[in-house]
Each structure stands twice: as structure tokens, then as C-alpha cells.
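Scroll down for the structure; my scribbles are underneath it.
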Amino acid sequence: MSALKISSEQINRQRDFSYKIKSINDDFERKNARKKKMFIATFGCQMNSRDSEKIEGMLFEMGFEKTDNEKDADFIIYNTCCVRENAENKVYGNLGYLKNIKKEKPELIIALCGCMLQEESAVDIIKKKYKHVDLAFGTFNLYKLPELLYTRIESGRTVFDIWKEHKEIAENLPSIRKYSYKASVNIMYGCDNFCSYCIVPYVRGRERSRQSKDIIKEINELVKDGVKEVTLLGQNVNSYGKGLDENISFAKLLRMINDIDGLKRIRFMTSHPKDLSDELIDAMAELDKVCKHIHLPFQAGNNDILKKMNRRYTKESYIELTEKIKRKIPNISITTDIIIGFPGEGEKEVSDTIDVIKKVEFSGAFTFLYSKRTGTPAASMENQISEEDMKKGFNKVLDVLNPIIYKKSSEHIGKVYEVLCEEQGDDGFISGRLDDNSLVHFKGEKKLCGEFVNVNITDCKTFYLIGEIIKD
Ligand code: 5AD
Ligand code: SF4
């Protein structure tokens with residue numbers, strides 16, 4: 001089966017709705033001597049950030065202008081996340097605040113989209129408690145935003161359009177990229193892994209890969225526009241290509257992207273340890289543009305817990321895998337995700353997690369307290385851990401992890417690295433990234449943003465390096 005795509009007729013139909021809204025917005029501009037303003041808030045991961053770029057692109061086509069001040073907006077959209085409870089609570093908190101804004105400004109349109117909207121329980125709460133939400137759609141029909149907004153504007157009624165599952169991918173949506181020199185590119189959507197704690201497979205649907213020619217075309221266009229670094233996005237990039245007609249794997253895709261002239265760096269995330277192939281490790285070792293960094297979540301170190309998490313690897317096989325990666329790709333940095341407090345994870349189990357941290361010596365890690373997600377198998381498991389015990393475990397993990405990250409960081413001191421300059425902070429310092437994804441701060445002029453420079457690393461903190469530019 002080739003990748004299923006939303007038809008170009010459907011995409012064009014949406015463009016027609018965009019133009020209709022644009023003429024309404026143009027009218028508004030003539031009468032009020034200002035454009036209608038949009039405010040977009042993005043919660044969660046890079047997938048959502050990328051979706052928000054598409055939302056911004058569509059709204060721009062409709063004639064909206066961006067504002068960073070929520071109070072000034074005529075249209076507010078929250079692109080939500082539900083991977084952990086606190087992400088949801090933030091959305092509910094903000095929605096409570098919007099109620100007052102809407103009272104003062106009834107013509108304001110409030111929209112919600114993203115992962116929370118794929119959760120029935122969240123939609124029930126929104127419909128019951130947050131009646132000031134005007135428009136909502138989920139992760140499968142983002143491309144329909146113009147039609148849904150037009151319906152809301154024309155009818156004045158609340159519009160909820162949430163699909164349970166959809167296999168078709170929307171290509172060629174307009175989008176406004178956050179950066180001119182680096183970009184994220186979706187290579188696949190959804191996840192079939194069903195880790196027992198995780199809600200993503202329920203809210204993002206089954207795995208579906210984009211055709212390689214569409215990915216290559218997008219990257220070629222980005223490079224023409226000045227992009228030097230791409231990050232390929234997928235919940236599990238190792239299974240890229242499954243279900244496509246073409247005979248392709250993620251490693252083969254990397255080889256094709258590596259051949260793109262003008263592109264300098266290729267990153268990707270996330271890889272699942274259960275199916276990281278030798279073919280991929282070899283490709284990473286060999287391809288000059290592929291950054292020497294891999295994000296390889298291990299989640300927990302205890303084998304019983306890993307089994308209950310449905311991760312399909314063991315502590316030993318994970319450690320072996322990282323040793324193989326280090327052997328084949330010297331100086332690679334390995335980062336990870338860790339969950340603390342999964343059901344049944346007591347002191348003994350946490351000590352296995354700590355053991356993995358010591359053996360692998362991660363360069364960085366995202367650490368999360370386990371969050372019970374309704375509808376996932378783990379939510380109904382016995383031996384849920386108390387918050388107090390979770391926090392104890394969490395602190396123990398950090399006590400071991402942070403000095404290791406510091407040690408890995410300090411290994412850069414005294415060496416010179418090529419750095420892509422990203423942003424200039426208020427303190428005048430530029431922040432940029434090394435090939436291995438380490439963050440570095442150094443003095444420099446704003447005009448360097450988007451350029452590569454050589455930086456000598458002079459010092460380090462746990463989570464970033466400090467350096468100075470080498471003038472040539
Ligand atoms: N509780 C805590 N962390 C979670 N993650 C996913 N689901 C949960 C949950 N229910 C973490 C995992 C994953 C990362 C993106 O989020 O570590 O790798
Ligand atoms: Fe969630 Fe596991 Fe899929 Fe990652 S691989 S998105 S943790 S189910």
C-alpha cells in the first residue's frame with residue numbers, strides 16, 4: 001500500500017475556505033484600521049511544535065497577524081498535549097483565565113486542538129466546564145481548520161469536529177517556520193508500540209510513514225530557503241517505511257537525505273531501543289551530515305518493570321546496545337527519557353534504573369514522574385506508587401544522573417567544535433549547538449545566528465557549555 005494522502009481537491013477546498021475568511025478579515029481591517037490578531041500556544045513535544053507551524057501558516061493565509069500578547073488576540077488557539085497530567089492541567093488553568101477575557105470581549109474566538117481533544121474524558125470536561133470554547137478539532141483533521149473556523153464564523157455556533165482515526169496524511173499545508181536556518185520535518189505519524197503507560201498511540205493513531213519523495217522534496221525546498229539543519233520527527237523513526245510500497249528503511253532514508261546538497265546537519269528523534277538496527281548504526285557512523293547524537297529512551301532499568309511497560313527489551317540488552325553504538329560511533333552522545341514511579345517500582349527497581357545511568361553515562365536525560373493516564377493498561381495496574389515515594393526515587397535518580405551529565409559535559413573543555421549559532425539572549429550571549437547536541441553559550445554578534453562558527457570550550461555547567469569564538 002502506498003502512503004494514503006488527503007486528496008489535493010480536499011486541500012484546495014480548504015484553501016477556498018481560507019480565502020473566504022481572508023475576505024472577512026480584510027473587511028475588518030478596512031473598518032478598524034488593523035488586522036485581526038492570532039495567538040497560538042503550543043504545549044508538549046516537537047510534533048506539536050511542528051503542527052503549530054502549520055496552524056500559523058493556515059491562519060496567516062486567512063489574513064491573521066501574530067501576537068504574543070494573548071489579551072490582544074481576536075483568535076486564540078491552544079495546541080494541547082496529554083502525555084502527562086500536568087500538561088493537561090496547564091490547559092485547564094489557561095482556559096479558566098480565558099473565560100474572563102471572553103466576558104470582556106465576546107467576539108473573541110477560542111479554539112482547542114491537539115492530543116487532549118482525542119481523549120474522550122477531556123472532551124467531556126471541556127464541553128461541560130469550559131463552554132466558552134468555540135471550536136475544537138483533533139490530531140487527525142488539523143488540515144480542516146479553515147473550514148471549521150469558517151463554519152464557526154458563519155453559524156456562530158460551537159464547532160467540535162473530532163475524528164477517531166484517520167490514515168491519510170495531509171501534504172502541502174502552508175506553514176510558517178519558526179527558524180530560517182533549522183527545521184523539523186515529519187517523516188511519520190502515530191505510534192504502534194503501546195507502551196503500557198503511554199497515551200500517544202490512542203491520541204495520535206497508527207503508524208503511517210510519508211513517502212520518501214515527499215520528504216526529500218520538502219527538505220530540498222527548505223535548503224533552498226536557507227535551512228542548514230533538519231530534525232526528522234517520528235514517535236519511533238526505526239519503523240519508518242513500514243506499510244509503504246517503496247522498499248525503504250530509516251537508514252536508507254538517511255542516506256538519501258545525506259545526499260542533499262547544501263544541507264549541513266541531520267538530526268532525528270525518537271528511536272526505540274527494541275528495533276534500532278545495525279543498518280541504522282552503520283549509516284550513522286558513515287554519513288557525514290548525520291549528527292553524532294542519539295536520543296534513546298530507556299524509561300526504566302528493572303526487567304520486571306520493563307516487561308510491565310511493554311518495552312520489549314531488557315536492562316542488559318539496552319546496555320549492550322549502547323555499548324555497540326559507542327563502539328561503532330566514537331564520541332557519540334546518548335540522551336534518554338526516564339520515568340520514575342511506574343506501578344510496582346520500589347527502591348530496588350529504582351536502583352536498577354540508577355545502574356543503567358551509571359553504566360551508560362548519558363549526556364542528557366528527560367526525567368518524568370509517572371503520570372497515570374486513563375485508558376492505558378498501566379492505569380489499572382496494582383501497586384500504584386505514592387507521590388511521596390515517587391519523589392524520593394526521582395531525587396535519588398537525579399543525584400546520580402546530574403554529576404554524570406556534568407562529567408560528560410566537562411569532557412568538551414579545551415576542545416574546539418563547529419557550532420550552529422541559534423539565538424542571542426538578553427545578556428548578549430549567543431546560544432548554539434554542537435554536532436552532539438550539547439548547548440553552548442558564547443559572546444557574539446546577533447548576525448551570526450544561523451551561521452556555523454568554531455568555538456573553543458572554556459568551561460561548563462551541568463546543562464550547557466561556555467566557550468569563545470575562534471576568529472580565523
Ligand atoms: N508518565 C510519565 N511520563 C510519560 N511519558 C510518556 N507517558 C508518560 C506517563 N504516563 C514520557 C516517556 C516518553 C516521553 C516522551 O514522555 O518517557 O519517552
Ligand atoms: Fe509512547 Fe512508547 Fe509510542 Fe513512545 S514508543 S510514543 S513511549 S507508546
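Residues: numbered from 1 along the sequence shown. Counting starts at 1 for both ligands and their atoms, following the listed order.
The contact set between ligand 1 and R373, taken as ligand atoms under 4.0 Å from a residue heavy atom, comprises 10 (N). Atoms of ligand 1 lying under 4.0 Å from at least one heavy atom of V83, given by number and element, are 6 (C), 7 (N), 8 (C), 9 (C), 10 (N). Taking every non-hydrogen atom of P201 and a distance limit under 4.0 Å, the qualifying atoms of ligand 2 come out as 8 (S). Less than 4.0 angstrom separates some heavy atom of Q235 from each of these atoms of ligand 2: 6 (S). Set against the non-hydrogen atoms of R311, the atoms of ligand 2 under 4.0 Å away are 2 (Fe).
Annotation: S371 places an N or O atom under 3.5 Å from an N or O atom of ligand 1; distance criterion only.
Ionic pairing of D304 and R311 is not present here: no N-O contact between side-chain nitrogen and carboxylate oxygen is shorter than 4.0 angstrom. Ion pairing of K264 with E229 is absent here, as no side-chain N (NZ or NE/NH1/NH2) approaches a carboxylate O to less than 4.0 Å.
Each of F43, Y92, Y97 was checked for a ring pair (Phe, Tyr, Trp, His ring centres under 6.0 Å) with Y78, and the lone residue meeting it is F43.
Contacts between C195 and ligand 2 below 4.0 angstrom, taking non-hydrogen atoms only, involve backbone and side chain alike. Contact annotation for T376 and ligand 1: no heavy atom of the residue comes within less than 4.0 Å of the ligand. For Y197, heavy-atom contacts with ligand 1 shorter than 4.0 Å involve the backbone as well as the side chain. Residue contacts with ligand 2, taken as heavy atom pairs separated by less than 4.0 Å, do not involve P297 at all.
Using a 4.5 Å heavy-atom threshold, the side chains of K324 and R327 count as touching. Two residues are said to be in side-chain contact when any heavy atoms from C-beta on lie closer than 4.5 Å; F442 and I466 fail this criterion.
Of all protein heavy atoms, the one lying nearest to atom 7 (S) of ligand 2 is Y197 OH, 3.4 Å. Counting only heavy atoms of the protein, atom 17 (O) of ligand 1 lies nearest to Q299 OE1, 2.6 Å. Here the heavy atom of the protein found nearest to atom 3 (Fe) of ligand 2 is C191 SG, 2.3 Å. The nearest protein atom to atom 18 (O) of ligand 1, hydrogens excluded, is given as D337 OD2, 2.6 Å; this is a heavy-atom distance. Counting only heavy atoms of the protein, atom 5 (S) of ligand 2 lies nearest to N193 ND2, 3.4 Å. The protein atom (non-hydrogen) at minimum distance from atom 1 (Fe) of ligand 2 is C198 SG, 2.3 Å. In terms of protein heavy atoms, atom 2 (C) of ligand 1 is closest to L369 O, 3.3 Å.
Assignment of R204 to the shell around ligand 2 is not supported, since no heavy atom sits closer than 4.0 Å. Heavy atoms of T270 come nearer than 4.0 angstrom to ligand 1 in no pair at all.
Between the side chain of S212 and the backbone N or O of I248, no donor-acceptor pair lies under 3.5 Å.
Classification of the Y143-W163 ring pair by plane angle, with boundaries at 30° and 60°, yields perpendicular.
Among the backbone and side-chain atoms of H272, no N/O/S atom is found under 2.8 Å from atom 3 (Fe) of ligand 2.
For H441 and F429, the ring centers sit 6.0 Å or farther from each other. You'll find the ring centres of F394 and F368 outside the 6.0 Å limit.
In the candidate list K372, R84, Q235, R84 is nearest to atom 16 (O) of ligand 1, counting heavy atoms.
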